[in-house]
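Structure first, then comments.
Both backbone and side-chain heavy atoms feed into the values below; hydrogens, waters and symmetry mates do not.
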Amino acid sequence: QARQWSTSIALLEIFIVAIFSFILGTWLTRQLSLLKVASETIAKDGPGFQVNIKGNDEISQVASSFNQMSLNLSDSYLSLKETLRAQKKITEIANRNEAFVSAVLSSSLDAIININEQGIIIEFNHVAEDIFGFTRNEAMGSLMQELIIPLKYRQQHHDGFKKYLETGENNIFNQRLQLEGLHKNGHVFPIELTISPIINESETIFTSFIRDISEQEQHKEELLLSAA
């Protein structure tokens with residue numbers, strides 16, 4: 001009889017343990033299933049989804065951490081969307097500006113030459129090609145003073161350029177100047193130019209508007225000779 005009681009008690013304990021294990025397993029599976037559904041929802045619709053938390057056990061703590069991670073990802077996601085939206089607007093503006101600049105360069109009656117702070121040519125429009133004889137590909141990336149400035153003016157140009165970069169002082173910007181330019185074939189000819197600095201966040205770009213005034217100068221000489 002004692003053996004029967006012992007066996008019955010053992011079986012009852014096994015049954016009770018099985019019941020509790022089943023209940024606990026079902027509950028854990030349900031909680032983990034909620035986390036699985038939440039993960040799939042985030043993957044489909046984006047972060048921000050929150051799991052309903054009940055209790056303060058280990059699974060609830062995991063769910064709480066999941067919710068916090070979802071909120072953090074949501075903030076980062078929104079920030080990224082705002083950044084991408086801003087970059088898209090900047091790109092659109094840049095494209096419009098590029099199209100505008102391209103139209104100005106192609107329709108200008110003056111030669112337009114841009115150089116950076118190192119004196120390197122970064123823009124050389126079609127009129128500049130006609131006036132100086134160099135193609136745009138030949139001019140781009142070259143030092144302006146060695147390409148189109150006559151030898152006798154190069155030191156003066158170098159010193160004035162260096163002084164402006166060091167002190168900001170100048171006496172030639174936004175004024176009409178009559179100088180001489182150097183053609184690709186080596187001959188020197190009179191030019192009229194205006195130089196304007198364009199200052200942005202990273203560096204200063206120097207834009208020169210240049211005209212060949214050879215015909216005007218020749219006409220002046222002819223008038224002087226006829227008057228004499």
Side-chain angles (χ1 to χ4, degrees), residues 86-225:
Q87 288 180 344
K88 183 179 179 180
K89 288 183 179 179
I90 291 172
T91 301
E92 291 174 352
I93 293 172
N95 289 338
R96 288 199 298 268
N97 289 342
E98 184 178 352
F100 174 76
V101 171
S102 177
V104 170
L105 290 173
S106 61
S107 62
S108 174
L109 299 177
D110 294 334
I112 299 178
I113 301 175
N114 291 349
I115 64 172
N116 60 19
E117 292 180 352
Q118 290 71 47
I120 295 174
I121 295 174
I122 57 175
E123 185 53 64
F124 198 84
N125 75 340
H126 69 100
V127 182
E129 291 181 312
D130 295 337
I131 290 178
F132 293 98
F134 296 97
T135 66
R136 187 173 187 274
N137 289 336
E138 290 174 327
M140 295 289 284
S142 302
L143 283 172
M144 187 182 74
Q145 70 177 40
E146 296 180 0
L147 193 75
I148 63 171
I149 296 179
L151 184 60
K152 62 182 178 180
Y153 296 118
R154 289 179 186 176
Q155 189 61 47
Q156 181 181 353
H157 167 81
H158 177 269
D159 293 343
F161 197 61
K162 181 180 179 183
K163 181 180 178 181
Y164 172 76
L165 293 177
E166 292 176 349
T167 67
E169 297 178 6
N170 78 90
N171 55 3
I172 62 171
F173 289 159
N174 300 314
Q175 299 183 40
R176 287 188 176 183
L177 306 172
Q178 289 191 1
L179 299 172
E180 291 180 331
L182 179 64
H183 194 273
K184 181 180 179 179
N185 63 18
H187 81 269
V188 176
F189 60 98
I191 60 173
E192 181 181 82
L193 87 151
T194 302
I195 304 173
S196 298
I198 302 174
I199 302 173
N200 57 35
E201 294 179 356
S202 57
E203 65 174 346
T204 301
I205 303 300
F206 302 90
T207 300
S208 300
F209 300 88
I210 305 171
R211 290 184 178 182
D212 181 354
I213 57 172
S214 299
E215 292 185 2
Q216 293 93 312
E217 292 299 305
Q218 183 178 356
H219 184 61
K220 285 182 182 179
E221 291 181 3
E222 292 174 352
L223 288 176
L224 289 174
L225 290 174

Subject >> Among Gln155, Gln156, His157, side chain to side chain donor-acceptor pair (under 3.5 Å) partner for Asp159 >> reply: Gln155
Using a cut-off of 6.0 Å, state whether more than 12 heavy atoms not belonging to [X] lie near its atom [atom1].
X	atom1	result
Lys184	NZ	yes
Glu215	CD	no
His187	NE2	yes

For the [atom1] atom of [X] and the [atom2] atom of [Y], what is their distance to the nearest 0.5 Å?
X	Y	atom1	atom2	value
Thr194	Leu177	OG1	CG	6.5 Å
His183	Ile191	NE2	CD1	12.5 Å
Phe161	Asn170	CZ	CG	11.5 Å
Asn114	Phe209	CG	CZ	7.5 Å
Leu147	Phe134	CG	CZ	4.0 Å
His158	Arg154	NE2	CZ	12.5 Å

Subject >> Pairing of Glu169 and Lys163 as salt bridge, 4.0 angstrom limit >> reply: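 Yes, this pair counts.
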Subject >> Minimum heavy-atom distance between Val127 and Ala111, given as atom pair plus value >> reply: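 Smallest interatomic distance, heavy atoms only, reads CG1-N, 3.4 Å.
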Original post:
What heavy-atom pair brings Asp212 and Ile131 nearest, and what distance separates the two atoms?
Top reply: N-CD1, 3.9 Å
When you measure from the side chain of [X] to the backbone N and O of [Y], does any donor-acceptor pair fall under 3.5 Å?
X	Y	answer
Asp110	Ser208	no
Asn125	Ile112	yes
Glu192	Arg211	no

Original post:
Under the ring pair (Phe, Tyr, Trp, His ring centres under 6.0 Å) test, which residues partner Phe132, sequence neighbours left out?
Top reply: Phe189
Original post:
Would Asn137 and Thr135 count as having a side-chain donor-acceptor pair, cut-off 3.5 Å?
Top reply: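 Note: Asn137 and Thr135 side chains miss the donor-acceptor criterion.
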**OP:** Mind running side-chain contact (heavy atoms from CB on, under 4.5 Å) on His126 and Arg136 for me, showing each step along the way?
**Re:** CA-CA 7 Å; His126 69 100; Arg136 187 173 187 274; over 6 Å; no
Original post:
Is there a side-chain contact (heavy atoms from CB on, under 4.5 Å) between Ile115 and Ile122 once you walk through the steps?
Top reply: CA-CA 5 Å; Ile115 64 172; Ile122 57 175; 5.7 Å; no
Original post:
If we only count heavy atoms from C-beta on, is the Tyr164 to Pro197 side-chain gap below 4.5 Å?
Top reply: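 Yes, their side chains come closer than 4.5 Å.
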Original post:
Taking C-beta and beyond as the side chain, do Ile195 and Thr207 meet within less than 4.5 Å on heavy atoms?
Top reply: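 When only atoms from C-beta onward are counted, Thr207 and Ile195 do not touch, as no gap falls below 4.5 Å.
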**OP:** Run the numbers on Ile148 and Ile113 for side-chain contact (heavy atoms from CB on, under 4.5 Å), then give the verdict.
**Re:** CA-CA 11 Å; Ile148 63 171; Ile113 301 175; 3.5 Å; yes
